[in-house]
Q: 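Take this structure first; my questions come after.
Computed from a predicted structure; not experimentally measured. We count residues from 1, following the sequence as given.
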Amino acid sequence: MTSLASLPTINNLAKSLTSLCLGIGALLALMIVTKTTSAPMAFHGYLMIAAFVLGIIAILNMGFNNNGKIKADLSPSGVYYNDTVIKAGVIAAAFWGVAGFLVGDVIAWQLAFPALNFDLPWTNFGRLRPLHTSAVIFAFGGNVLIATSFYVVQRTSKARLAGEIAPWFVFWGYQLFIVLAATGYLLGITQGKEYAEPEWYVDLWLTIVWVTYLLVFLGTLVRRKEPHIFVANWFYLAFIVTVAMLHLVNNMSMPVSFTEPKSYVLFSGVQDALTQWWYGHNAVGFFLTAGFLGIMYYFVPKRAERPIYSYRLSIVHFWSLIFLYIWAGPHHLHYTALPEWAQTLGMTFSIILWMPSWGGMINGLMTLSGAWDKLRTDPVLKMMVVSLAFYGMSTFEGPLMSIKAVNSLSHYTDWTVGHVHSGALGWVAYVSFGALYCLFPWLWKRKDLYSLKLVNIHFWISTIGIVLYICAMWVSGIMQGLMWRAYDSLGFLEYSFVETVEAMHPYYIIRAAGGLLFVIGSLVMVYNLWKTARGEGNAVTLDNARPALAQ
């Protein structure tokens, strides 16, 4: 273990090395600005220069106390937790969430009324759609995962986050990645790969940030005062490690020049398709499932004030999920050039995934045994329980859609869109909202949220929006698939493609209206969280005490 006397020296050395690395990064970005022929990449160069210079200034201004740590409040367990970076993370998550949901609803209205593209290159559906997916998955979801993982690993390990500069580098470095990726989409810089749109230099920057994230998380676990590693940390660790592996393999590419944004992927043809959907499906499996199961395994028991229903089941859930999920990607490539055995393998493992997925859902729901009455008075817990219900529904529907006979009807239709959003809005967003509602009073040391009534309003507005959205897409998708495969008595297609698009129009309006309700609900949440942080209403400040449930 590092002695307290050596901490100031170590942190000063870290300040110097980090500042040096950022300085080198600023010089490389300056080189890009002066040499590139791409105006969008030059813009990114200026952004990186500004970010790196501001980072150097911030690091040099960081002050450490005699223990080599930034001033922090002593927790009831006697540990000086690093909660300031977590506060920044939950604020960023709330901001990016609203931004991502809003862009998603804009493109939903664009599909219903194409004139809303405005015939501008920066506002058309093709550029706004990856902006939406990246904003909600990586900006909103990623910030929620980073913030909650930093909170959970400290509390369950009874140890401060490893490093003083590194956690802040992870936070701000990740925000820079988000800004570079988002502006790149709008300016036309893209690989054109689902969930992996950013070009090579943005991918390299994310790799540096992600490795630092892994080291901070592992370093905190190594320093733990608890002999046992809580199960939520296993899910977080699987999410961090596997996403790193997926990112590195799927983004293997060769840039045409150090100063140009364009690159060419290492793989080609069906190998590229298989690698992409090995990445894409496991981004769902580990970024959008394993990471958020880490949230579920900590926040649901904490909010319900009940132990996990079965710790043994949680371990079985973990190992079976991470082993099976990694093989399921080929089910995205049914009826393609991918070999038949690979398609069948993906389908088989997808069906087997029913068991661990539902085992985890049952474990979460049964945690409320003896505490179901809390659902009448605690809308935050109600939101978490509904998120588990959506998790169970979407993990039933996904394997169902992987079966070839079903896939022949569902694939390339709006049914897939409905399935994705039942998981994304119902499971991922709701469990994230629940975590944010828990964390704001805990981090700002408030007795409670500003208003539980507003949480209830948020819950019902958003739930109605989700139901409208996914039901519209289910009906539209099945209708779409049936119209595509309808033949007349002479063997010709009965409907033209334009006729199918016309038939889907009313459902697109319903989908956009449902999305609008979801956006409104998120705005209600942000208002509630802001009031909570300010200590208004029921969110009175606790003097020399910790909030209930916070430990």
Side-chain angles (χ1 to χ4, degrees), residues 100-117 124-137 194-195 277 280-281 283-284 288 331-336 347 350 390-391 393-429 462-487 493-519:
F101 304 148
L102 184 60
V103 174
D105 197 50
V106 167
I107 62 175
W109 288 108
Q110 284 183 340
L111 286 175
F113 304 101
L116 294 176
N117 282 262
N124 67 45
F125 180 89
R127 294 193 183 183
L128 290 182
R129 192 264 175 180
L131 179 66
H132 161 63
T133 55
S134 291
V136 293
I137 296 172
E194 185 75 349
Y195 310 137
W277 282 110
H281 193 75
V284 174
L288 295 176
H331 76 225
H332 286 266
L333 298 169
H334 284 329
Y335 307 105
T336 67
M347 178 183 71
S350 300
F390 272 106
Y391 173 61
M393 181 180 69
S394 58
T395 53
F396 174 84
E397 186 182 29
L400 175 69
M401 295 171 70
S402 75
I403 299 171
K404 287 188 175 181
V406 179
N407 191 269
S408 65
L409 174 67
S410 70
H411 211 172
Y412 309 115
T413 71
D414 288 336
W415 185 356
T416 302
V417 179
H419 163 64
V420 168
H421 284 80
S422 69
L425 302 180
W427 157 238
V428 172
S462 297
T463 301
I464 293 170
I466 294 172
V467 171
L468 287 174
Y469 191 118
I470 60 179
C471 288
M473 290 297 95
W474 282 336
V475 174
S476 171
I478 294 172
M479 177 191 68
Q480 195 177 8
L482 291 174
M483 290 180 74
W484 285 352
R485 61 165 59 178
Y487 294 90
L493 287 173
E494 189 167 352
Y495 302 101
S496 67
F497 182 77
V498 172
E499 288 177 300
T500 65
V501 173
E502 185 180 13
M504 293 185 294
H505 186 256
Y507 302 103
Y508 279 12
I509 294 175
I510 296 171
R511 185 255 297 271
L516 181 60
L517 289 176
F518 196 84
V519 173

Q: For T413 and L409, work out which heavy atoms get closest and say how close.
A: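 Nearest heavy atoms, T413 then L409: CG2-O, 3.4 Å.
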Q: Stepwise, does the side chain to side chain contact (heavy atoms under 4.5 Å, CB included) test hold for W415 with V406?
A: CA-CA 11 Å; W415 185 356; V406 179; 3.8 Å; yes
Q: Can you confirm whether more than 12 heavy atoms, excluding those of E502, are under 6.0 Å from its CD atom?
A: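 Atom CD in E502 is not packed in, count stays at 12 or less.
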Q: Indicate yes or no for a side-chain donor-acceptor contact from S402 to the backbone of P399 under 3.5 Å, with no hydrogens or angles considered.
A: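 Yes: the side chain of S402 pairs with the backbone of P399.
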Q: For the atom pair NE2 (H419) and CE (M473), what is the distance rounded to the nearest 0.5 Å?
A: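 It is 15.0 Å, given to the nearest 0.5 Å.
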Q: Would you check if I509 and F113 make a side-chain contact, meaning some heavy-atom pair closer than 4.5 Å?
A: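 Side chain of I509 against side chain of F113, heavy atoms only: contact under 4.5 Å found.
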Q: Out of Y507, Y508, W474, which residue meets the side-chain hydrogen bond (donor to acceptor under 3.5 Å, both in side chains) rule with D414?
A: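 The side-chain hydrogen bond (donor to acceptor under 3.5 Å, both in side chains) with D414 is passed solely by Y508 among Y507, Y508, W474.
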Q: Using ring centroids (six-membered ring only for Trp), state whether F390 and W427 fall under 6.0 Å.
A: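 No, ring centres 6.0 Å or more apart.
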Q: Heavy-atom distance under 4.5 Å between the side chains of I470 and E397, does that happen here?
A: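 No, too far: nothing below the 4.5 Å cut-off.
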Q: Evaluate the criterion side chain to side chain contact (heavy atoms under 4.5 Å, CB included) for residue pair W277 and E194; output intermediate values, then yes/no.
A: CA-CA 9 Å; W277 282 110; E194 185 75 349; 3.8 Å; yes
Q: Going by atom types alone, do Y335 and N407 pair a side-chain donor with an acceptor below 3.5 Å?
A: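 No - no donor-acceptor pair under 3.5 Å links their side chains.
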Q: Between atom CZ of F518 and atom OG1 of T463, what is the distance when rounded to the nearest 0.5 Å?
A: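 Reported to 0.5 Å precision, the distance equals 9.0 Å.
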Q: Do Y195 and L288 have side chains that get closer than 4.5 Å, going by heavy atoms?
A: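 No, side chains not in contact.
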Q: Please round to the nearest 0.5 Å and tell me the distance separating atom NE2 of H421 and atom OG1 of T416.
A: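 Those atoms lie 12.0 Å apart.
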Q: Please answer whether the main-chain N or O of L516 pairs with a side-chain N or O of D105 as donor and acceptor at a distance below 3.5 Å.
A: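 Here the side-chain-to-backbone pair exists.
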Q: I need the L517 CG to I466 CD1 distance, nearest 0.5 Å.
A: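 Answer for the CG-CD1 pair, L517 versus I466, is 10.5 Å.
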Q: Kindly say whether A112 contributes a backbone atom to a donor-acceptor pair with the side chain of H505 at under 3.5 angstrom?
A: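 Checking the backbone N and O of A112 against the side chain of H505, a donor-acceptor pair under 3.5 Å is found.
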Q: Roughly how far apart are W484 CH2 and Y495 OH, rounded to 0.5 Å?
A: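 Those atoms lie 14.5 Å apart.
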Q: Nearest heavy-atom pair of S350 and H331: which atoms, and what distance?
A: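 Result for this residue pair: OG-ND1, 2.6 Å.
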Q: Looking at S134 and L131, would you say the former's side chain and the latter's main chain have a donor-acceptor pair under 3.5 Å?
A: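 Looks like no, no N/O pair under 3.5 Å.
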Q: Is any side-chain heavy atom of L111 less than 4.5 Å from a side-chain heavy atom of R511?
A: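 When only atoms from C-beta onward are counted, R511 and L111 do touch, with a gap below 4.5 Å.
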Q: Between CD1 of I510 and CE of M504, what distance do you get to the nearest 0.5 Å?
A: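 Those atoms lie 13.5 Å apart.
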Q: Working note: Y469 + V417, criterion side chain to side chain contact (heavy atoms under 4.5 Å, CB included); need CA distance, chi angles, decisive distance, verdict.
A: CA-CA 10 Å; Y469 191 118; V417 179; 3.8 Å; yes
Q: Verify whether the ring centers belonging to H281 and H332 lie closer than 6.0 Å.
A: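 Between H332 and H281, which both carry aromatic rings, the centre distance is below 6.0 Å.
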Q: Using the side-chain contact (heavy atoms from CB on, under 4.5 Å) rule, pick out the option among I478, T500, V501 that qualifies with M483.
A: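 Single side-chain contact (heavy atoms from CB on, under 4.5 Å) partner of M483 among I478, T500, V501: T500.
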